[in-house]
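Have a look at the structure below before the remarks.
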There are 2 protein chains.
Amino acid sequence: MTLVATHAAGVTREGAGVATLSDVARRAGVSPATASRVINGSSKPVTDELRERVLRAVAELQYVPNAHAQLLARSHRGAVGVIVHDVSDPYFSEITRGLQRVATDQGRLLMICNSYRDPERELEYVELLRGQQVAAIILAGSGYHDAGFTRLLNDKLAAYEATGGRVAVIGRHEHSGDAVMPDNRGGARLLGEEMCRLGHEGIGVVAGPQVLTTTTDRLTGLREALAAHGRELPEHRIRYAEFDRDSGAAATAALLDAEPGLTAIAALNDSMAIGALSLLRSRAVPVPDRISVFGFDDMPIARDVTPALTTVRLPLVEMGSRAMALALDAGGTRPRVESLAAELVRRDSSAQVQGRAHS
Amino acid sequence: MTLVATHAAGVTREGAGVATLSDVARRAGVSPATASRVINGSSKPVTDELRERVLRAVAELQYVPNAHAQLLARSHRGAVGVIVHDVSDPYFSEITRGLQRVATDQGRLLMICNSYRDPERELEYVELLRGQQVAAIILAGSGYHDAGFTRLLNDKLAAYEATGGRVAVIGRHEHSGDAVMPDNRGGARLLGEEMCRLGHEGIGVVAGPQVLTTTTDRLTGLREALAAHGRELPEHRIRYAEFDRDSGAAATAALLDAEPGLTAIAALNDSMAIGALSLLRSRAVPVPDRISVFGFDDMPIARDVTPALTTVRLPLVEMGSRAMALALDAGGTRPRVESLAAELVRRDSSAQVQGRAHS
DNA sequence: CACGCCTAGGTAAGCGCTTTCCCGTCAGCG
DNA sequence: CGCTGACGGGAAAGCGCTTACCTAGGCGTG
């Protein structure tokens, strides 16, 4: 089960007449204490006779315990909060799958919040989750180049941790606590290497939002690899856009118009790469014969587009499961940081530059 | 925000020392009542001086109200529960987007639960949501051919509605309340028509699970259209499998092996169709020249695979927003049923049968 | 046969918050 | 100048549940 909150807000008082524990107790002719005990199998023994009566009353009344009251009475800390940029983005779906798996194993409830890359909203969600008394908060997805925001966020998280909450982040270096770090820079270096190996010199980059650290990390890795081969990545060959398909297509179009000589396009995530492929197809530019296209992340559909996408695989599901494990495991000296390696996946969207040998 | 619960379970008592309202009140030198009033802007006026003091205390203590306590005290009914088969499936992502939009507009929190097509779990989630005091429950996704389960579910839903809860279903005819119904049968009829128009006679079907009403509805529509052209759809040309990519590929393989003469494959959803395309590619069967492939649903990636998928569009997002609107709008005579039409989308995966004229 | 102890059940005190009701104060009025 | 009424604030009663803590039997002992 997934709890999706769309944003806290106005509260209405609807409905009425829900059966309560006392109703059950009264009908069974026992005290609320006894009713409670049989209903959630307390360690205290109850005679079969009474248990029987209570269960019958529960069934007859279709009684369902009020979760809020239970949580309050138990000062519950059972659920785990997750803040991602957008679950419907496959990148986060995969991570979430990993989070979910571990959480389920431990019988934890997950509350997933979409920040839609709005730092403000991220802050709000931390508050909201704190108010929900979650046992841990997991922040997944790139951080922002915004010192003010980062400080604010860290303050809030620190306050949360100070009261016993646990925090784990995925792919953010700005936080001081437990973290799972995919190797964006190393992965991008792999990509750069590959492009050089294939003889590409006219390289254009379709990048994500400039404010995201993930974008800059990947750019850095790319630059490092190119530099090692004596090549550069001038700023005018980079187009910054949103991390989605349509923005990728638009950015590719702009890039192509401005730089007609390109032989390779590196999109900084797979969604954008798919947008790029789609644009190239619409312009009848053969891929990879005329232009090679590279993605990043290796989301599941990358293998289903045509040509299948050459990309960098990040162990998304594992990133999720590791992060959840960190968050739920109180032991160990903190902060713990786990790095996960990236891996190049060669498919059909990339090829040797036409008419050139290996440089 | 999305709340994803992974299944209720064990509860631990972690952390401590969270600031409470009384802490704030004490520090500000006011009563809890006053503190509460300034914190959530009650209608009762409070002097600026006191308000000031309370706000300062809140800031200093990093106070965040305990949501459970608030909900309990207010007998809140603000959130809406959603039960889907699997949010990471694009079909449901799209529907969820629609649900979310309307919910957000009305300041509602959404709790999304994944049943993973397990009726048992669906039942459990209804209970869980009831316990969460949600204002409405929305069930999205095909129902099951299982009278026992259906009765059980309807009983539970009825009990929920009896206590003021609202229920809306998407694509299930077995429930008696409000419903949004995509025209599966009509859409499939469109598909059948198109296949006949293109001259296909050797038609194989890659179907979803036989227990789902959606599967049988779509098959029925297909049969109706074929019958109108004097054709049949024998059972041995249908393969039942799970509604996902890999199952689609496997079913296609089995179908092809058993029925070599096929000129068209109708997959009963796009994921399966994509699996079919992938298998055909791996066997070097040209699509659509040798075999045409048809999908169903028109999920976003359908246009990005190669060849782009001919499919039947269902207004997924709208299905979601309508259902949420129904669930949140108490007025009107119930049950209200809204039907949404399907539409054929011709793309590149389908073509006239080779060497045959329009039949 | 009396004492103590174990046991099943009930009583009641919260969990943290909201909200009704009431009280004291002060301004305005006749 | 006394009375009324408006108004800001506090006391307290829950919301529905859990869980010490207590009580009253029933049994086993010496």
Side-chain angles (χ1 to χ4, degrees), chain A residues 8 10-54 57-58 61 63-78 130-133 163, chain B residues 8 10-54 57-58 61 63-78 130-133 163:
Chain A
V11 165
T12 353
R13 189 182 276 276
E14 296 155 28
V18 191
T20 77
L21 219 218
S22 340
D23 295 336
V24 172
R26 200 170 313 120
R27 177 171 254 250
V30 302
S31 76
T34 305
S36 168
R37 292 201 259 259
V38 1
I39 286 171
N40 42 45
S42 125
S43 56
K44 240 190 161 173
V46 176
T47 33
D48 288 350
E49 143 96 60
L50 290 198
R51 145 164 296 107
E52 191 43 31
R53 298 220 304 261
V54 170
V58 166
L61 263 40
Y63 169 73
V64 176
N66 180 319
H68 299 302
Q70 283 190 316
L71 297 199
L72 182 56
R74 291 179 181 149
S75 357
H76 181 258
R77 281 278 193 113
R130 210 140 86 73
Q132 294 284 337
Q133 315 297 108
T163 60
Chain B
V11 165
T12 349
R13 188 181 277 275
E14 295 154 31
V18 191
T20 76
L21 219 218
S22 338
D23 296 336
V24 172
R26 200 169 315 122
R27 177 171 255 250
V30 302
S31 74
T34 305
S36 167
R37 293 200 259 259
V38 2
I39 286 171
N40 42 44
S42 122
S43 56
K44 238 191 162 175
V46 176
T47 38
D48 287 351
E49 143 96 60
L50 291 198
R51 145 165 295 109
E52 190 45 31
R53 297 219 306 260
V54 171
V58 166
L61 264 38
Y63 169 73
V64 177
N66 180 318
H68 299 302
Q70 283 189 316
L71 298 198
L72 182 57
R74 290 179 182 150
S75 354
H76 181 258
R77 280 281 191 110
R130 210 140 87 73
Q132 294 284 338
Q133 315 297 109
T163 60

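Only this structure's heavy atoms are used, side chains among them; waters, hydrogens and symmetry mates stay out. So that the names make sense, note that chain A is the first sequence line, chain B the second, and so on, each numbered from 1.
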Nearest-Å distance for atom pair [atom1]/[atom2], residues [X] and [N]:
X: A/R26; N: D/dG16; atom1: CZ; atom2: P; answer: 11 Å
X: B/L71; N: D/dG16; atom1: CG; atom2: P; answer: 13 Å
X: B/D23; N: C/dC15; atom1: CG; atom2: C1'; answer: 13 Å
X: B/D48; N: D/dC7; atom1: CG; atom2: C1'; answer: 15 Å
X: A/R74; N: D/dT19; atom1: CZ; atom2: C1'; answer: 11 Å
X: A/N66; N: C/dC15; atom1: CG; atom2: C1'; answer: 13 Å
X: B/Q132; N: D/dG16; atom1: CD; atom2: P; answer: 15 Å
X: A/I39; N: D/dC17; atom1: CD1; atom2: P; answer: 8 Å

Between [options], which nucleotide has the shortest distance from any of its atoms to the side chain of [X]?
X: A/A73; options: C/dG10, D/dC17, C/dC17; result: D/dC17
X: B/Q70; options: C/dC17, D/dA11, C/dC15; result: C/dC17
X: B/A33; options: C/dT11, C/dC17, D/dG10; result: D/dG10
X: B/A69; options: D/dT19, C/dG16, D/dG16; result: C/dG16
X: A/L72; options: C/dC15, D/dT18, C/dT19; result: C/dC15

task = Go through the steps to decide whether A/R37 and A/V30 satisfy the test side chain to side chain contact (heavy atoms under 4.5 Å, CB included), and finish with yes or no.
result = CA-CA 11 Å; A/R37 292 201 259 259; A/V30 302; over 6 Å; no
key: Distance-minimising heavy-atom pair for A/A28 and A/R53   =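 Taking every non-hydrogen atom into account, O-NE, 2.9 Å.
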request  = Please name the pair of heavy atoms, one in A/D23 and one in A/V18, separated by the smallest distance, quoted to 0.1 Å.
outcome  = OD2-O, 4.0 Å
Table of protein N/O atoms under 3.5 Å from nucleotides 21-24 of chain D N/O atoms:
residue, atom, partner, partner atom, Å
D/dC21, N4, A/K44, NZ, 3.1

inquiry  = Students often get this wrong, so: under 4.0 angstrom with heavy atoms, is B/T47 touching a base, only sugar-phosphate, or nothing?
reply    = sugar-phosphate
Whether [X] contacts [N] is assessed here as follows: a side-chain N or O lying under 4.0 Å from the phosphate OP1 or OP2. Is that the case?
X: B/N40; N: C/dT18; result: yes
X: B/T34; N: D/dG10; result: yes
X: A/S31; N: C/dG10; result: yes

request  = Please lay out, stage by stage, how B/I39 and B/L21 fare under the test side chain to side chain contact (heavy atoms under 4.5 Å, CB included).
outcome  = CA-CA 9 Å; B/I39 286 171; B/L21 219 218; 3.8 Å; yes
task = Let me see the working for A/T20 and A/N66 under side chain to side chain contact (heavy atoms under 4.5 Å, CB included), right down to the final yes or no.
result = CA-CA 8 Å; A/T20 77; A/N66 180 319; over 6 Å; no
Within the distance-only criterion (no hydrogens, no angle test), does the side chain of [X] pair as donor or acceptor with the backbone N or O of [Y] below 3.5 angstrom?
X: B/R51; Y: B/V38; result: no
X: A/T47; Y: A/E49; result: no
X: B/H68; Y: A/Q132; result: yes

request  = Map A/V30 and B/L21 onto DNA chain C by nearest heavy atom, then report which one ends up closer to the 5' terminus.
outcome  =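 First, find each residue's nearest nucleotide; the 5'-ward one identifies A/V30.
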message = Show, in sequence, the C-alpha distance, side-chain angles and deciding distance for A/T34 and A/S31, and conclude whether the side chain to side chain contact (heavy atoms under 4.5 Å, CB included) test is met.
response = CA-CA 5 Å; A/T34 305; A/S31 76; 3.2 Å; yes
note = B/R27 meets the salt bridge (charged side-chain N to carboxylate O under 4.0 Å, His left out) criterion, sequence neighbours left out, with B/E60
Each nucleotide N or O in nucleotides 25-27 of chain D that has a protein N or O under 3.5 Å away: list the pair and distance.
none

